[in-house]
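Only one structure is covered here, and it is reproduced in the block below.
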Amino acid sequence: MNTYKLLTPGPLTTTDTVKEEMLVDRCTWDDDYKAVTQKIRRQLLQLGHVSEDDYTAVLMQGSGTFGVESVLSSVVGDEDKVLICSNGAYGVRMTRICDRNRIPYVHYAESYDHIPDPARVARLLAQDPAITHVAMVHSETTSGILNDIQSVGKVVRDAGRTFIVDAMSSFGGVDIPVSDWGIDFLVSSANKCIQGVPGFSFILCRRDKLLSSEGKARSLSLDLLDQWKGMEKDGKWRFTSPTHVVLAFSKALDELEAEGGIPARHRRYAENNRLLIEKMRAMGFAPYIDGSRQGPIITTFFYPAGVPFQFSEFYTYIKERGYVLYPGKLTDADTFRVGNIGEIYPEDIEKLASIIAGFLAAHKEEIA
Ligand SMILES: *Cc1c(COP(=O)(O)O)cnc(C)c1O
């Protein structure tokens, strides 16, 4: 069994009961298995507060990026243009997807410690009528900042454009009323806040917008509409599906419900995060993101000031005592990250804090 817990934003620490689901081999065209896929699709719509009349859920093999690439390459046509609002590596990755697929786009790049400004998005849309779609990340896992997709969604809807959201590291841990917030396509994956294991992504799609994307897809395996057509019939995936992962995910969804749904999971994550920042601050680690914009998923901390600090040494010390951290992803500052999602509770944060206190104490003795 596990020798350490993951304080990373996915893959993350899952329950033993989720992992146990993977001990059984299943057949991809068996009715029981296909029924599991259909149940998952219905549960995902419920989590997004949307009805089957207006929305539909598509599961897509591969990691989260496959889901984002599937949407961008399937719904933004050659005659369309997508405005990508970025403030981190995952937003920037969307521009790379567009480059590779020759998808027309414009890029509004915000600095990593600021959120994309809804008023700026409104101006960009007013200035350029050729823009048909807007894409942005909700929880930018690069820094831990939580973007205001509700305000941007309103701007996009008022301007009559289509809104694509990468809610990879927030869906299931932060409540997102998908339709109310004007989201037409929302992408997330199995191994983040739903607390499943890696292997597929999923997309909540506004039905009419999905259906009107006919003929736009640039890839066979990532063709969103084609994948949906197969799945909608009877729950059969077009190509081999990650059967073990699907069963584990189904269990994880049931466990989310048993915990009390998204509100309860959000409370646990938010408390983990609040406690983490309080404890870390007390030990001299300042967070990179301003408190009001800090999301409840992952936190970026600066290396402590005035002490020689090596992340690899820090990492190993903590790993040997039961927890794994994440390196920073910023290019302009020395930082590391601590995720607080998955099967992680305030007791874990307390333990982590005492391990870090031990590291600092040992380190100070060495220097002295
Ligand atoms: C995890 C994540 C992704 C997907 O990354 P993969 O490595 O492909 O799973 C995309 N966007 C965000 C914001 C993420 O946190």
Side-chain angles (χ1 to χ4, degrees), residues 50 54-58 60-62 64-87 90-110 116-138 147 149 151-168 178-179 181-188 201-232 238:
V50 288
D54 302 329
Y55 280 80
T56 188
V58 185
M60 183 63 74
Q61 292 92 335
T65 305
F66 290 62
V68 176
E69 184 150 8
S70 169
V71 173
L72 289 171
S73 68
S74 300
V75 312
V76 186
D78 295 335
E79 310 302 319
D80 299 329
K81 190 196 242 185
V82 56
L83 166 64
I84 294 170
C85 310
S86 78
N87 61 335
Y90 293 98
V92 172
R93 186 178 292 174
M94 293 204 263
T95 69
R96 298 181 56 211
I97 290 172
C98 288
D99 284 332
R100 204 55 72 87
N101 287 278
R102 302 184 209 292
I103 300 167
Y105 72 95
V106 279
H107 187 193
Y108 158 31
E110 224 359 302
D117 175 13
R120 175 92 184 266
V121 175
R123 279 200 302 280
L124 289 167
L125 294 181
Q127 282 161 13
D128 188 350
I131 297 172
T132 50
H133 297 70
V134 175
M136 72 184 274
V137 172
H138 184 210
N147 290 328
I149 52 169
S151 299
V152 174
K154 185 172 186 318
V155 161
V156 174
R157 179 177 280 180
D158 288 349
R161 319 295 169 88
T162 296
F163 193 29
I164 299 166
V165 172
D166 167 350
M168 209 70 66
V178 175
S179 179
W181 287 7
I183 303 167
D184 299 300
F185 296 93
L186 176 143
V187 190
S188 187
S201 59
F202 56 85
I203 302 110
L204 305 191
C205 314
R206 189 179 285 278
R207 264 178 198 271
D208 54 357
K209 301 240 174 169
L210 174 65
L211 290 170
S212 65
S213 70
E214 182 86 55
K216 291 183 178 177
R218 294 168 180 79
S219 145
L220 174 68
S221 54
L222 295 177
D223 186 330
L224 185 64
L225 182 61
D226 216 31
Q227 181 88 343
W228 174 78
K229 282 180 184 165
M231 211 166 255
E232 184 72 352
R238 279 181 309 164

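For the numbers below, each heavy atom of this structure counts, side chains included, while hydrogens, waters and symmetry mates do not. Worth saying up front: this structure is predicted, and the values here are computed from it rather than measured.
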Show your reasoning for whether side chain to side chain contact (heavy atoms under 4.5 Å, CB included) applies to Val137 and Ile149. CA-CA 8 Å; Val137 172; Ile149 52 169; over 6 Å; no
Any side-chain heavy-atom pair of Val82 and Ile103 under 4.5 Å: yes
Trace of the side chain to side chain contact (heavy atoms under 4.5 Å, CB included) decision for Tyr105 with Asp99: CA-CA 9 Å; Tyr105 72 95; Asp99 284 332; 2.8 Å; yes
Closest heavy-atom pair and its distance - Arg238, Leu220: NH1-O, 2.8 Å
Member of Leu225, Leu224, Asp226, Val71 meeting the side-chain contact (heavy atoms from CB on, under 4.5 Å) criterion with Val58: Leu224
d(Ser219 OG, Arg100 CZ) to nearest 0.5 Å is 13.5 Å
Side chains of Val76 and Ile164: does their closest heavy-atom pair fall under 4.5 Å? yes
May I ask you to decide if Val75's main-chain N or O and Ser213's side chain share a donor-acceptor pair within less than 3.5 Å? no
Go through the steps to decide whether Met94 and Ser86 satisfy the test side chain to side chain contact (heavy atoms under 4.5 Å, CB included), and finish with yes or no. CA-CA 9 Å; Met94 293 204 263; Ser86 78; over 6 Å; no
Measure across Tyr55 and Leu204 and return the closest heavy-atom pair with its distance rounded to 0.1 Å. CD2-C, 4.5 Å
Taken in chain and number order and not counting sequence neighbours, the residues that satisfy salt bridge (charged side-chain N to carboxylate O under 4.0 Å, His left out) with Asp128 are Lys81
For the pair Arg218 and Glu69, find out whether any cationic side-chain nitrogen is under 4.0 Å from an anionic carboxylate oxygen. no
Residues in salt bridge (charged side-chain N to carboxylate O under 4.0 Å, His left out) contact with Asp223, at least two apart in sequence or another chain: none
For the student: nearest non-hydrogen atoms of Ser73 and Asn101, plus distance: CB-OD1, 3.7 Å
Nearest 0.5 Å, please: how far is OG in Ser201 from CE in Met168? 6.5 Å
Would you say Arg206 and Leu210 make side-chain contact, with heavy atoms under 4.5 Å? no
Suppose we screen for salt bridge (charged side-chain N to carboxylate O under 4.0 Å, His left out). Which residues come up paired with Asp54, at least two apart in sequence or across chains? none
Dump the intermediate steps for side chain to side chain contact (heavy atoms under 4.5 Å, CB included) on Asp166 and Met136, then the final yes or no. CA-CA 6 Å; Asp166 167 350; Met136 72 184 274; over 6 Å; no
For Thr65, all residues meeting side-chain contact (heavy atoms from CB on, under 4.5 Å), sequence neighbours excluded: Ser63, Arg93, Ile97
Taking side-chain hydrogen bond (donor to acceptor under 3.5 Å, both in side chains) as the cut-off, I'd like each qualifying pair that reaches into residues 151-161, sequence neighbours left out, listed once. Asp148-Ser151, Lys154-Asp158
Applying salt bridge (charged side-chain N to carboxylate O under 4.0 Å, His left out), can you list everything that pairs with Glu232, at least two apart in sequence or on another chain? Arg41, Arg207
No-hydrogen, no-angle side-chain donor-acceptor test under 3.5 Å, Asp117 and Tyr108: no
Quick one: pull up CZ in Phe163 and CG in Asp184 and give me the separation to the nearest 0.5 Å. 9.0 Å
For Val165 against His138, the heavy-atom pair lying closest together: CG1-CB, 4.1 Å
Between Cys85 and Val121, which heavy-atom pair has the shortest distance, and what is it? SG-CG2, 3.9 Å
Pro104 and Gly77 have their tightest heavy-atom pair at CD-O, 3.9 Å
Would you check if Trp228 and Cys205 make a side-chain contact, meaning some heavy-atom pair closer than 4.5 Å? no
Sub-4.5 Å side-chain heavy-atom contact between Phe185 and Lys209: yes
Checking Thr132, Val106, Val156 against Leu83 for side-chain contact (heavy atoms from CB on, under 4.5 Å), the one that qualifies is Val106
